[in-house]
There are 2 protein chains.
Amino acid sequence: MSKMHKEHTLTKNQQIIFDLIDKSPEPMKAYSILFSVQKKGINAPLQVYRALDKLVEIGKIHKIESRNAFIACHNSSCQVAKATAFSICEICEKVTEISSTGLSKYLTNFKDKDGMKYSKYNLEFFGSCKKCTPK
Amino acid sequence: MSKMHKEHTLTKNQQIIFDLIDKSPEPMKAYSILFSVQKKGINAPLQVYRALDKLVEIGKIHKIESRNAFIACHNSSCQVAKATAFSICEICEKVTEISSTGLSKYLTNFKDKDGMKYSKYNLEFFGSCKKCTPK
DNA sequence: ATATTAATGTTATATTATTACACAATGTTA
DNA sequence: TAACATTGTGTAATAATATAACATTAATAT
């Protein structure tokens with residue numbers, strides 16, 4: 001039992017769409033996914049959005065909110081999408097999921113002064129990646 | 001010189017739209033802003049989006065990415081929109097800007113293991129606010 | 001004054017996402 | 001296994017969010 005979260009058997013549409021996102025080196029947008037899977041019989045936006053919703057829900061993919069795009073989860077410690085952090089290069093748009101135990105501990109334990117109970121967070125860092133930063 | 005950021009003189013459209021957002025108890029969406037300001041001579045989406053872009057740029061308002069909505073900045077320490085954190089109640093959709101020196105210090109100084117240089121971050125916490133949390 | 005930059009007004013269009021409805025597959029559970 | 005509930009599918013239509021392109025005007029800088 002090394003997996004952090006329950007295995008879900010993906011349905012056909014979910015599997016097709018997950019595989020596509022998982023293989024993509026960059027975040028994918030819903031309509032670009034749609035165009036890519038039309039040869040596989042997925043014809044309508046809703047079919048894509050439904051699969052995306054489910055995949056996000058079970059933590060197989062994450063939505064990059066500032067980009068309206070989706071990437072596969074490569075971080076077993078981001079317990080079912082409850083605690084996500086990304087770095088985003090504003091030059092080349094490369095997005096990387098951050099897996100820092102320190103960061104996730106800090107944020108998971110963070111309490112605001114209003115005593116609000118948090119069940120989830122999403123953090124997006126912006127900057128320029130190593131490649132795009134002039135020496 | 002108590003202000004954290006340079007004063008910008010807002011243009012007419014910018015001022016109208018800022019005032020509206022500033023008075024709103026909840027985040028406002030672009031098209032709801034558009035409907036509200038049509039009596040004041042702002043007729044087209046682009047006029048709203050242009051003002052919003054500028055207001056975000058100078059730090060007078062922030063965009064809540066997960067909601068596609070905008071709130072006025074009430075946090076002098078969020079240096080021109082470079083470092084923003086919000087708490088979002090998933091029940092009543094109340095959004096509050098978090099001003100925690102500890103949090104902003106921690107995140108501003110955070111370095112990932114790829115050595116990426118960050119110039120900005122946005123953090124959104126989700127949960128249920130005091131009002132919406134059953135005792 | 002004139003060059004430059006920033007903002008405006010307008011039309012059209014692109015992109016992102018959801019509603020509504022009918023039906024099929026799968027999973028309980030009695 | 002029959003009945004029921006739940007989840008997923010397919011399709012059409014439409015809503016909601018955001019930008020492109022172009023002409024013009026206002027503000028700022030030299």
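Residue numbers start from 1 in every chain, and the chains themselves are labelled A, B, ... in the order their sequence lines are given, proteins ahead of strands. Note that the structure is predicted; figures quoted are calculated from it, not measured.
- For A:K29 and C:dT15, the shortest distance from a side-chain N or O to OP1 or OP2 is not below 4.0 Å.
- With rounding to whole Å, B:N43 atom CG is found 9 Å from C:dT11 atom P.
- In terms of heavy atoms, B:D22 sits closest to B:H74 at OD1-CE1, 3.3 Å.
- The partner of C:dG27 is D:dC4, by the rule that a Watson-Crick or G-U pair needs both atom distances under 3.5 Å.
- With C:dT8, D:dT9, C:dT16 as the choices, the nucleotide that has an atom nearest any side-chain atom of B:T11 turns out to be C:dT8.
- The nearest whole Å value for the distance from the CG atom in B:L10 to the C1' atom in D:dA26 is 16 Å.
- For the pair B:L46 CG and C:dT15 P, the computed distance is 16 Å after rounding to whole Å.
- A salt bridge links B:K120 to A:E90: at least one charged side-chain nitrogen sits closer than 4.0 Å to a carboxylate oxygen.
- A salt bridge links B:R67 to B:E93: one of the charged nitrogens lies within less than 4.0 Å of a carboxylate oxygen.
- Of the candidate nucleotides D:dT11, D:dT19, C:dA17, D:dT19 has the atom nearest to the side chain of B:P45.
- What separates CD of B:E57 from C1' of C:dA6 is a distance of 11 Å, to the nearest Å.
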#### Entry: CA sep, side-chain torsions, deciding dist, call: A:Q15, A:N13, side-chain hydrogen bond (donor to acceptor under 3.5 Å, both in side chains)
CA-CA 5 Å; A:Q15 189 70 57; A:N13 287 1; over 6 Å; no

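- Residue A:K63 places at least one side-chain N or O closer than 4.0 Å to OP1 or OP2 of C:dA17.
- When distances are taken from the side chain of A:N13 to each of D:dA18, D:dT9, C:dT10, the shortest belongs to D:dT9.
- Judged by distance alone, with hydrogens and angles left aside, the side-chain atoms of A:Q47 form a donor-acceptor pair with the main-chain N or O of A:A44 at under 3.5 Å.
- Look at B:K54 and you'll find a side-chain N or O under 4.0 angstrom from OP1 or OP2 of C:dA7.
- Remark: ring of A:Y31 stacked against base of C:dT16; centroid gap under 5.5 Å, plane tilt under 30°.
- The side chain of A:Q47 contributes no N or O atom lying less than 4.0 Å from OP1 or OP2 of D:dT11.
- Toward the 5′ end of DNA chain D lies the nearest nucleotide of A:G41, the other residue of the pair A:G41 and A:N68 mapping further downstream.
- Atom P of nucleotide C:dT16 and atom CZ of A:F70 are separated by 10 Å, given to the nearest angstrom.
- Rounded to a whole Å, the CZ atom of B:R67 is 17 Å from the P atom of D:dA16.
- Atom CG of A:L34 is separated from atom C1' of C:dA14 by 15 Å (rounded to the nearest Å).
- C:dT10 atom C1' lies 14 Å from atom CD1 of B:I42, rounded to whole Å.
- Residues A:A30 and B:R50 both approach DNA chain C. Their nearest nucleotides, taken by heavy-atom distance, put B:R50 toward the 5′ side.
- Nearest to the side chain of A:Y49, among C:dA7, C:dT11, C:dT18, sits C:dT18.
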